[in-house]
Colleague: 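So that we are looking at the same thing, I have put the structure below in structure tokens.
We're numbering straight along the sequence, starting at 1. Just so it is clear, the structure is predicted and the values come from calculations on it, not from any experiment. Numbering of ligands and ligand atoms starts at 1, following listing order.
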Amino acid sequence: MENKPNAATDLTIVADSNIASLSEFFNNDTLSGTTGRRVRMIKVAGRDIDAQLLADTQPNVLLIRSVTHVNADLLKDNDSVRFVGSATIGTDHVDQDYLAARRIHFANAAGCSKHSVAQYVLSAILTLRPEYWQRSSTPPTLGIIGLGNIGSTLAQYASSLGWQVLGYDPLLPASSLNNASFAQVIEKSDLVSLHVPLTDKSSATSLAGSAHHSSHAHEYPTRHLIDKNALDAMPASTLLINSARGPVIDAAALQADIERTGRQVVLDVFEHEPQIEEALLSKLAIATPHIAGYTLEGKLRGTQMIYDALCEKLSISPAQSMHQLLPLNMFLWSELQAHPDRLVKFYDIMQDDKALRATLAGGQVKAAAFDQLRRDYHLRREWQF
Ligand SMILES: NC(=O)c1ccc[n+]([C@@H]2O[C@H](COP(=O)([O-])OP(=O)(O)OC[C@H]3O[C@@H](n4cnc5c(N)ncnc54)[C@H](O)[C@@H]3O)[C@@H](O)[C@H]2O)c1
Ligand SMILES: O=C(O)[C@H](O)[C@H](O)COP(=O)(O)O
């Protein structure tokens, strides 16, 4: 009797089991205290959240990460879900227009892993080009495409290393950081790092967390932003890094480009993710399974943000904080700057690269292997800036 759902008094939550510290954030003490509702939590692999599951469980709250597509297909026959929280920065998996039309509240975790992703990018660059640690009269030029939370954070690290930064973001006003055209970034950078959301021409909704300019998103779609033309204009010596979304780069054009130029390319995200073809993987300088933001801090901050948003929606005060759950953090950016040889202790990106390549079977990394690497990801800490 005790466990039987009661639609009137239960707060039923269906959640991606890959969301960090779910039980610590969403329980009777942290949620239902003031509302008196009993929390019923159903944890499921993100790719298994479908319309049938929602019909069977009738959740009030849906908590997801990036692998669950939330749209009319999922929700058209459902009347129970009133809140969708995605513990991610990216929102391209969520049809926000549809949710708004249905008056279903949506929250994401804007900026939650901005330092973690910036640190991933630095780790990739400094692993492949350790000479960039040295302060020289001709510092490298880092081109950053997309100057939101992650792009602007990366720029701060680059500046602290004495690097030049060329930034391009057509949706933000010109500034000392937003100082170049797309062509200039592509043609004049030693390193190009992508930090845009995935948007299509027809989409005006993929910029949660950047709502101030979301209505212009369709003017500058990012799908295949890096196509054959962009790659042809990029010097062969330029290192290209994509930790944004796979389809921002045309994978076929990229493969042809690497074959032609021998370019160093780092990918954390893939156009046909979660599947990767060996033909592409074998040509990459570093490849990782979409884990750039996967530090303990980045994940917990994501959970905290959707928990806080749900508390606001329920008109209750948050009763859990990620700071109570975090072990001591000894990773200081200032220490790494003083001791570059400690980089692998801070984050050994090649360990993630090797683990991904080790899953190759029959000419592919299969979806299940890709997902498993992400589910079982090792404990990584965010460096304190
Ligand atoms: N690999 C990972 O683990 C990981 C982790 C977090 C986020 N991400 C991805 O990174 C993306 C960026 O994250 P963020 O926190 O910086 O987002 P953000 O919304 O803060 O910033 C994105 C910026 O991109 C700009 N932009 C949009 N279209 C553009 C275009 N055509 N050209 C140049 N700039 C454009 C926007 O104006 C905005 O300033 C996310 O949308 C997500 O897809 C990946
Ligand atoms: O957009 C993001 O925040 C990241 O890409 C996200 O963290 C990826 O991880 P996932 O949601 O798939 O676990």
Colleague: Applying the side chain to side chain contact (heavy atoms under 4.5 Å, CB included) test to L231, which of T261, L240, I258 qualifies?
Modeller: L240
Colleague: Which heavy atom of the protein is the closest neighbour of atom 9 (O) of ligand 2, given with residue, atom name and distance?
Modeller: R374 NH2, 2.9 Å
Colleague: I want to check something: taking the side chain as every heavy atom from C-beta on, are R47 and P274 in contact at a cut-off of under 4.5 Å?
Modeller: yes
Colleague: I need the contact type for V196 against ligand 1. Using non-hydrogen atoms and a strict under-4.0 Å cut-off, is it side chain, backbone, both or neither?
Modeller: both
Colleague: Does ligand 1 come near enough to T199 that some N or O of the ligand is less than 3.5 Å from an N or O of the residue?
Modeller: no
Colleague: For D268 and T288, which I'm curious about, is there any donor-acceptor pair between the side chains at under 3.5 Å?
Modeller: yes
Colleague: Could you tell me the residue and atom name of the protein heavy atom closest to atom 4 (C) of ligand 2, and the distance to it rounded to 0.1 Å?
Modeller: H290 NE2, 3.7 Å
Colleague: Indicate yes or no for a side-chain donor-acceptor contact from Q255 to the backbone of K283 under 3.5 Å, with no hydrogens or angles considered.
Modeller: no
Colleague: I'd like to check which ligand 1 atoms, numbered from 1 as shown, lie under 4.0 Å from a non-hydrogen atom of H195.
Modeller: 12 (C), 22 (C), 23 (C), 24 (O)
Colleague: List every atom of ligand 2 that sits less than 4.0 Å from any heavy atom of I89, numbering the atoms from 1 in the order shown and giving each element.
Modeller: 1 (O), 2 (C), 3 (O)
Colleague: Among all protein heavy atoms, pick out the one at the shortest distance from atom 12 (O) of ligand 2; state its residue, atom name and that distance to 0.1 Å.
Modeller: S66 OG, 2.4 Å
Colleague: Please work out, at 4.0 Å between heavy atoms, whether the side chain, the backbone, both, or neither of I89 comes within that distance of ligand 1.
Modeller: side chain
Colleague: Tell me whether K299 reaches ligand 2 (any heavy atom closer than 4.0 angstrom to a ligand atom).
Modeller: no
Colleague: Short list, please: which atoms of ligand 2 are under 4.0 Å from a heavy atom of G90?
Modeller: 1 (O), 2 (C), 3 (O)
Colleague: For the pair T127 (side chain) and S123 (backbone), establish whether a donor and an acceptor sit closer than 3.5 Å, ignoring hydrogens and angles.
Modeller: yes
Colleague: What protein heavy atom sits nearest atom 7 (O) of ligand 2, and how far off is it?
Modeller: R65 NH2, 2.8 Å
Colleague: Run the numbers for me: atoms of ligand 1, each under 4.0 Å from some heavy atom of Y220, listed by number.
Modeller: 28 (N), 30 (C), 31 (N)
Colleague: Hey, what's the ring geometry for F346 with F331, parallel, tilted or perpendicular (30° and 60° as the breaks)?
Modeller: perpendicular
Colleague: Closer than 4.0 Å to some heavy atom of H290 - which atoms of ligand 1 meet that?
Modeller: 1 (N), 2 (C), 3 (O)
Colleague: Is the number of heavy atoms from other residues, nucleotides or ligands within 6.0 Å of NZ (K188) greater than 12?
Modeller: no
Colleague: Which option, R245, R374, K114, owns the non-hydrogen atom nearest atom 43 (O) of ligand 1?
Modeller: R245
Colleague: Indicate, as side chain, backbone, both or neither, the part of L172 found under 4.0 angstrom from ligand 1 when only non-hydrogen atoms are considered.
Modeller: side chain
Colleague: Given that the side chain starts at C-beta and the backbone is N, CA, C, O, which of these parts of V117 lies under 4.0 Å from ligand 1, counting heavy atoms, or is it both or neither?
Modeller: side chain
Colleague: By number and element, which atoms of ligand 1 are closer than 4.0 Å to a non-hydrogen atom of L171?
Modeller: 27 (C), 28 (N), 37 (O)
Colleague: We want to know whether Q184 and Y168 form a side-chain donor-acceptor pair, criterion being a heavy-atom distance below 3.5 angstrom.
Modeller: no
Colleague: With respect to atom 30 (C) of ligand 1, which of T153, I291, T222 exhibits the smallest heavy-atom separation?
Modeller: T222
Colleague: Any N or O of Y294 that comes nearer than 3.5 Å to an N or O of ligand 2?
Modeller: yes
Colleague: Counting both backbone and side chain atoms, is some N or O of I145 under 3.5 Å from an N or O of ligand 1?
Modeller: no
Colleague: Considering the heavy atoms of S243, write down every atom of ligand 1 situated less than 4.0 Å from one of them.
Modeller: 1 (N), 2 (C), 4 (C), 8 (N), 44 (C)
Colleague: Hey, looking at atom 24 (O) of ligand 1, which of P197, G148, P289, A118 has the closest heavy atom?
Modeller: P197
Colleague: About how many Å separate CD1 of I145 and OG1 of T222, when rounded to the nearest 0.5 Å?
Modeller: 11.0 Å
Colleague: Taking the cut-offs as 6.0 angstrom to the six-membered ring centre and 45 degrees off its axis, would you call R380 and Y347 a cation-pi pair?
Modeller: yes
Colleague: At a 4.0 Å threshold, what atoms of ligand 2 neighbour a non-hydrogen atom of T88?
Modeller: 1 (O), 2 (C), 3 (O), 6 (C), 11 (O)
Colleague: Tell me if a side-chain donor or acceptor on D257 pairs with a main-chain N or O of R260 at a distance below 3.5 Å.
Modeller: no
Colleague: Hydrogens and angles aside, do Q384 and H115 bring a side-chain donor and acceptor to less than 3.5 Å of each other?
Modeller: no
Colleague: Can you say whether the rings of Y377 and Y294 are parallel (under 30°), tilted (30 to 60°) or perpendicular (over 60°)?
Modeller: perpendicular
Colleague: Is the distance between the ring centroids of F370 and H290 under 6.0 Å?
Modeller: no
Colleague: Begin from the C-alpha positions of R223 and D200 and carry the test salt bridge (Lys or Arg N to Asp or Glu O under 4.0 Å) through to its verdict.
Modeller: CA-CA 6 Å; R223 188 178 297 274; D200 286 298; 2.5 Å; yes
Colleague: Counting heavy atoms only, which of G293, S113, A110 comes nearest to atom 3 (O) of ligand 1?
Modeller: G293
Colleague: What part of Y168 sits under 4.0 Å from ligand 1 if we count only heavy atoms: the side chain, the backbone, both or neither?
Modeller: both
